[in-house]
K.L.:
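If you scroll down you'll find the structure; I have some questions about it.
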Amino acid sequence: MTRFFSFLFLLTLNLPSIAQPIYKEYSIQAVNYFQVAAEVKALQLQAYEIARFRLDQALVTLPAGKPLAVVVDVDETVLDNSPYQARQILSGESYPKGWKEWVEEANALAIPGSAEFLNYADKKHVAVFYISNRKLADIPATMKNLKAAGFPQVTDDRILFKSTENGKESRRQKVAEQYEIVLLVGDNLTDFTAFFDGQSTTERNRLTVQMQKEFGARFIMLPNSLYGDWENALYEWNLKADEKEKAELRKKALRLQN
Ligand SMILES: [Mg+2]
């Protein structure tokens, strides 16, 4: 009998590794793709090469008027936060846990091609605006990070972070009052226009096709497999869904036929 109980005890010792899956294990491949795949680097370099081409075009063709500006998002557009995503998986902590600490480290690397492009814009006397949904309290650490990563025009007036609204439209309009926005660069469709704010997967896809002429023209799109409104839309914007519900919705979204 004693032997039986000690057997049970030994069995339970081994149980946690079986019973507790790694937090966000499903996203390991998304992080791998973002960090390892040279294809992601190629897409990022390609995006910024197109941006440079379009900026050159605008410099030649746009009539003299308002000064020119480019608007960039920050996270996964000019700064690579994938190490934070990797840490979440291994620590089992979910956003926003650890995010503030990551921001304060101010160590994020530049997305390939981004600093080169923005320095090129700077050299051409084009204004650069950083519109991000990082919090106002994150401005000092983010400015430190952007400067360390070699970005130009990192000054208070060029940093438009989130105060109350999630949507970026009012901040874009504020820039547009004084500048001609020639390009918007982002990893989320809401970095370009408010039409995408809070939309469903179907609507996001429909609008993207409808606006296809904007992509590679005024809108420069970067890849982000880590997170984004594509994922929120997949969860039908139920941001409070638990891990089990989310797993079900991810499976439900698998397309089995064309
Ligand atoms: Mg972003």
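All ligand and atom numbering here is 1-based and tracks the order in the structure. Nothing fancy with the numbering, it's 1 onward along the sequence.
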K.L.:
Under 4.0 Å between a Lys/Arg side-chain N and an Asp/Glu carboxylate O for K168 and D73?
P.N.:
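Between D73 and K168 there is a salt bridge, with a charged N closer than 4.0 Å to a carboxylate O.
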
K.L.:
Quick one: do Y130 and M143 end up in the same hydrophobic cluster if we chain Ile, Leu, Val, Met, Phe, Trp and Tyr together by side-chain heavy atoms under 4.5 Å apart?
P.N.:
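Yes, same cluster.
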
K.L.:
Which protein N, O or S atoms lie under 2.8 Å from the Mg ion (ligand 1), given by chain and residue number?
P.N.:
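Less than 2.8 Å away from the Mg ion (ligand 1) sit D73 OD2, D75 O, D187 OD1.
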
K.L.:
Answer yes or no: is there an ion pair linking K252 with E248, defined by an N-O contact shorter than 4.0 Å?
P.N.:
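Between E248 and K252 there is no salt bridge, as every charged N stays at least 4.0 Å from the carboxylate O atoms.
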
K.L.:
Charged N to carboxylate O below 4.0 Å: is that the case for E180 and R218?
P.N.:
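No salt bridge links E180 with R218.
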
K.L.:
Looking only at atom types and distance, does a side-chain atom of E245 sit under 3.5 Å from a main-chain N or O of D242, one as donor and one as acceptor?
P.N.:
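Present.
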
K.L.:
Are any of the side-chain nitrogens in E49 or R54 under 4.0 Å away from the carboxylate oxygens of its partner?
P.N.:
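Salt bridge: no.
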
